[in-house]
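Source: prediction; values computed, not measured. Atoms considered below: every heavy atom in the structure, side chains included; atoms not considered: hydrogens, waters and symmetry mates. Throughout, protein chains are lettered first and strands after them, A, B, ... in sequence-line order, and every chain is numbered starting at 1.
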Number of protein chains: 2
Amino acid sequence: MPLASTPEPPYYAVIFTSARTGDDASAYEETARRMHELASGRPGFLGVETAREGLGITVSYWADEESIAAWKADAEHAVAQERGRARWYEAYTVRVARVERAYAFTRPAPDAP
Amino acid sequence: MPLASTPEPPYYAVIFTSARTGDDASAYEETARRMHELASGRPGFLGVETAREGLGITVSYWADEESIAAWKADAEHAVAQERGRARWYEAYTVRVARVERAYAFTRPAPDAP
């Protein structure tokens with residue numbers, strides 16, 4: 001997964017950090033893939049970045065708080081959230097944050113010989 | 001690393017996402033460890049969560065923007081940032097965001113027999 005390309009701030013970030021139970025891993029992976037696909041098609045979706053190394057961190061970026069609330073309430077997403085609490089997560093935290101400023105670095109291409 | 005325990009919002013998050021070159025990995029790891037140690041002792045530091053899976057994501061939490069600016073300007077941190085651009089990172093993005101709301105889930109303990 002590449003770094004997300006997002007517009008100039010302000011926009012919103014949903015920081016989802018989690019510890020997994022390890023149960024039911026293949027259903028979890030399939031649901032995570034499907035949620036990524038569904039979220040990507042929602043109005044206001046700007047991008048997502050995710051990594052897991054023991055702890056899992058997924059940061060999704062959104063145009064505004066309304067888009068975040070609508071995605072949270074999506075019916076298929078609500079079912080996945082419920083299953084997450086029932087089976088997949090030991091614990092998680094969701095933080096909704098307003099991105100106020102951002103800057104990026106990209107390595108310059110090496111000089112041509 | 002456990003999930004970070006943070007106070008009631010508002011507070012600030014610095015979302016640092018990166019792609020590594022793979023160069024000089026042991027010096028990178030040692031510097032990352034040292035930066036974690038230094039940041040943890042700074043005024044206004046509230047916690048940090050990190051994971052790498054190809055993409056790296058580190059989210060640090062801070063009481064206010066002044067604490068973030070002071071940490072960015074720390075002399076030893078500035079040297080590490082410069083070395084990061086010179087050797088360790090293909091690309092990175094830093095986003096400074098104000099956490100407006102948060103909620104958490106912890107799995108209930110199983111019933112006693």
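- Of the residues considered (B/Ile15, B/Val96, B/Thr93), B/Val96 shows the highest number of contacts with chain A, using heavy-atom pairs under 4.5 Å.
- Take B/Glu66 and apply the side chain to side chain donor-acceptor pair (under 3.5 Å) test, not counting sequence neighbours, and it matches no residue.
- Nearest heavy atom pair, residue B/Tyr89 against residue A/Phe105, reads O-CE2, 3.4 Å.
- Chain A forms more heavy-atom pairs under 4.5 Å with one residue of B/Thr17, B/Thr106, B/Val14, B/Thr21 than with any other, namely B/Thr17.
- In this structure a side-chain-to-backbone donor-acceptor pair under 3.5 Å is present from A/Arg107 to B/Ala86.
- Identified by a heavy-atom distance below 4.5 Å to chain A, the contributing residues of residues 53-64 of chain B are B/Glu53, B/Leu55, B/Ile57, B/Val59, B/Tyr61, in residue-number order.
- Each of B/Ala102, B/Ala19, B/Pro108 has some count of heavy-atom pairs under 4.5 Å with chain A, and the biggest count is that of B/Ala102.
- Here the side chains of A/Glu65 and B/Arg101 are in contact, with some heavy-atom distance below 4.5 Å.
- Annotation for B/Leu3 and A/Ser18: closest pair CD2-N, 3.7 Å, computed over non-hydrogen atoms.
- Atom CZ of B/Arg98 is separated from atom CZ of A/Arg95 by 15.0 Å, given to the nearest 0.5 angstrom.
- A search for side-chain contact (heavy atoms from CB on, under 4.5 Å) contacts involving A/Glu37 returns A/Arg33, A/Arg34, not counting sequence neighbours.
- Residues of residues 72-85 of chain A lying under 4.5 angstrom from chain B, judged on non-hydrogen atoms, are A/Lys72, A/Gly84, A/Arg85 by number.
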